[in-house]
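What follows is a short report on a single structure.
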Amino acid sequence: MRWHEWTRFPILYDHIDAESCLSEQHIPHRRIMPTAQESLMSKKRPLPTPLQALAVLTVFLSMACSFTVFLDLPVLLALFFGWFVIMTLGLKLGYRYRELEEAAAFGVFEGMPALLILFAVGAMTGSWIAGGIVPGIIYYGLATIAPSLFLPTALLICSITALCTGTSWGAAGTAGIAMMGIGDGLGIPPALTAGAVLSGVYFGDKLSPLSDSVLLASSMSDVEIRAHIQGMLPISLMAYIITLVLFTITSLSYSGQHDLAHINEIMMLLKQRFDISLLCFVPPGVILILLALRQPAFPVITFGGLLGITWAVLLQGNTPIESLHSIWAVPYVDSDHSFISNLLSRGGMESIMTSVAMIIFGLGFGSLLVKVGVVQLLAGKLESYITNESRLTNCTLLTAFLGNLLGSAMYVSLILTPKLMVKTYDQQKADRRLLSRNTEFGGTLTSGMVPWSDNGTYMTGVLGVATLSYLPFMWLSWISIILAVGVSWTRTRAGKTTTFTKDGRSQHAQSNPLLARDQTL
């Protein structure tokens with residue numbers, strides 16, 4: 001059984017007919033706890049009124065804004081207290097507290113595979129730093145930089161790093177930090193450099209088979225990973241080329257002093273602390289090959305961490321205990337160069353604990369919104385509007401963005417959006433690749449735009465640039481979304497739509513026959 005089939009638990013859907021839910025073959029009956037079944041079979045509750053839904057969302061957004069902007073408190077506290085705001089509405093609608101608690105718990109359970117992958121990515125990042133893999137990638141990347149073309153080079157390096165590691169956070173925390181320091185030395189505005197970094201890391205993240213966002217968007221949409229990536233390629237590549245041209249033109253306008261001393265110093269320090277060789281590219285290559293062979297992501301990424309330990313022992317001369325410890329936390333690098341200290345003292349499972357807490361609270365909050373019917377209420381308001389592929393795309397992108405805005409986590413957006421929109425897509429007989437693509441564009445590419453979201457908080461902390469400062473320069477995200485809207489509008493004007501029947505979906509997971517039939521998505 002694939003992990004996403006576990007996400008069909010009916011505990012969150014009291015507004016759906018219980019008997020028909022239990023008759024669906026894809027629901028693993030034996031895995032539903034008795035309390036969940038009791039919750040499902042209980043009487044249906046009314047949906048909240050629009051005023052009630054607006055009230056709870058306003059309270060949450062007010063908390064999120066005030067905590068992050070005025071009180072300097074972590075947004076995860078707003079998410080935590082948001083649980084009780086939604087639970088209060090649920091109790092008023094007639095739910096029992098135990099039902100609401102179970103809904104939140106099952107929401108967290110739904111994201112457990114992604115959390116496991118996040119732990120594996122943290123472990124791999126730590127061991128790859130200790131093994132000289134990440135420093136080697138940065139070293140060779142710096143060696144190729146032409147000062148007058150710094151911004152497009154930063155875009156390319158961050159794209160390749162994210163594509164190889166499958167994580168926008170890891171790429172931003174390694175190559176992204178290096179690019180910020182280099183850009184500062186070259187006199188490039190930090191917000192502009194951050195825009196190039198984020199454009200690169202999100203491009204690589206959403207096209208990497210290693211990425212947990214790719215896994216979530218494809219699995220929740222019932223689309224095979226390879227087909228999901230192929231479905232995003234046309235628009236993604238077009239947006240990337242446009243973004244590359246824009247950053248190239250912008251970079252040429254900054255003549256600056258172009259002092260290479262900063263770059264040479266970083267390369268020299270990396271060379272002194274690590275045995276740099278082309279062998280640093282072997283582990284990323286092995287991982288990409290294994291994933292291309294459709295091996296499961298969690299053990300493959302964990303194996304990548306083991307390769308990092310091996311590289312640390314054999315190539316860097318670390319002891320086995322030191323190398324193994326890098327999976328949990330990378331020891332602080334004491335260097336006279338603070339940039340190097342910050343760059344190489346990152347990674348490990350310990351470094352992602354705050355993100356894990358954020359995701360847990362976000363998943364629980366999002367599931368409670370589904371449980372009490374707020375999400376269904378919003379969906380119902382959209383159903384009469386969605387009559388063609390263009391409107392379907394627009395609503396999906398908006399829904400995914402609202403998942404980041406209200407759920408404060410990319411994972412909430414990528415999980416809730418397919419759940420909310422899949423019925424409408426099937427009614428319109430729309431291709432599930434369209435659903436997974438729009439979910440990825442609206443969820444992943446906007447995740448860093450919300451100041452109190454997990455991605456917004458992380459990127460601001462790592463890059464040292466406020467979210468609203470780098471927001472105008474996230475050109476790849478803006479262009480990708482504009483192109484997605486434009487392509488769907490053009491197809492609708494031409495009277496085109498991509499049909500995808502239920503039988504086609506099951507065949508699609510095996511042979512992807514529709515990819516040869518329609519490549520315009």
Side-chain angles (χ1 to χ4, degrees), residues 113-125 128 133-134 137-138 141 154-176 196-221 223-237 239-240 243-244 280-305 307-308 347 352 355 410-411 413-414 433 436-437 439-441 443-448 455 458-459 476-477 480:
L115 291 174
L116 292 176
I117 291 176
L118 187 60
F119 274 116
V121 168
M124 185 181 70
T125 302
W128 280 16
I133 299 168
V134 170
I137 293 174
I138 295 174
L155 175 69
L156 289 169
I157 290 175
C158 291
S159 302
I160 294 171
T161 304
L163 190 63
C164 291
T165 60
T167 164
S168 57
W169 287 16
T174 52
V197 169
L198 292 174
S199 294
V201 299
Y202 283 127
F203 173 80
D205 178 77
K206 72 183 177 66
L207 290 180
S208 173
L210 280 164
S211 172
D212 49 1
S213 67
V214 169
L215 176 68
L216 273 177
S218 60
S219 296
M220 297 302 296
S221 303
V223 175
E224 195 237 9
I225 289 180
R226 182 174 55 185
H228 170 59
I229 294 175
Q230 287 178 300
M232 291 189 293
L233 271 177
I235 288 179
S236 297
L237 291 178
Y240 191 78
T243 302
L244 186 64
C280 68
F281 293 100
V282 173
V286 171
I287 298 305
L288 289 174
I289 290 173
L290 289 175
L291 288 171
L293 295 175
R294 303 174 69 179
Q295 300 302 311
F298 177 57
V300 167
I301 297 175
T302 303
F303 177 66
L307 288 178
I352 51 92
S355 301
M410 180 180 69
Y411 298 94
S413 175
L414 297 181
R433 289 173 302 156
S436 66
R437 186 203 73 186
T439 297
E440 186 89 67
F441 282 9
T444 300
L445 294 181
T446 67
S447 57
N455 273 257
Y458 177 82
M459 295 304 176
L476 181 106
S477 297
S480 296

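If you're wondering where the values come from, they're calculated on a predicted model, not measured in any experiment.
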Straight-line distance of Leu198 CG to Leu445 CG, nearest 0.5 Å: 11.0 Å
Residues which pass side chain to side chain contact (heavy atoms under 4.5 Å, CB included) with Ser413, listed by chain and number, not counting sequence neighbours: Ala400, Asn404, Thr417
What are the two closest non-hydrogen atoms of Leu116 and Phe298, and how far apart are they? O-CE1, 3.2 Å
Ser208 side chain vs Gly204 backbone, donor-acceptor pair below 3.5 Å: no
Any chance you could lay out the side chain to side chain contact (heavy atoms under 4.5 Å, CB included) test for Met459 and Ser168, step after step, and finish with the verdict? CA-CA 9 Å; Met459 295 304 176; Ser168 57; 4.1 Å; yes
Does Val201 form a side chain to side chain contact (heavy atoms under 4.5 Å, CB included) with Thr161? I'd like the steps, not just the answer. CA-CA 7 Å; Val201 299; Thr161 304; over 6 Å; no
What are the two closest non-hydrogen atoms of Ile133 and Pro283, and how far apart are they? CD1-CG, 3.4 Å
Check whether Trp128 reaches the backbone of Pro284 with its side chain - one donor and one acceptor, N or O, closer than 3.5 Å. no
Minimum heavy-atom separation for Glu440 to Ala217, with atom names? OE1-CB, 3.7 Å
Ser159: which residues meet the side chain to side chain contact (heavy atoms under 4.5 Å, CB included) condition with it, sequence neighbours left out? Leu155, Phe203, Tyr240
Closest non-hydrogen contact found for Val223 with Ala227 is CG1-CB, 4.1 Å
Taken to the nearest 0.5 Å, the spacing of Thr444 OG1 from Lys206 NZ works out to 8.5 Å
One should read off an interatomic distance between Tyr202 OH and Thr446 OG1, to the nearest 0.5 angstrom, of 9.0 Å
Straight-line distance of Ser199 OG to Leu244 CG, nearest 0.5 Å: 10.5 Å
Heavy-atom nearest pair, Gly443 first then Leu414, reads CA-CD2, 4.1 Å
Sidechain-backbone polar pair: Ser436 side chain, Ser218 backbone, donor-acceptor under 3.5 Å: no
Kindly determine whether Asp205 and Ser213 satisfy side-chain hydrogen bond (donor to acceptor under 3.5 Å, both in side chains), including the steps that lead there. CA-CA 8 Å; Asp205 178 77; Ser213 67; 2.8 Å; yes
Sub-4.5 Å side-chain heavy-atom contact between Ser221 and His228: no
Can you name the nearest heavy-atom pair linking Leu163 to Leu207, along with the distance? CD1-O, 3.7 Å
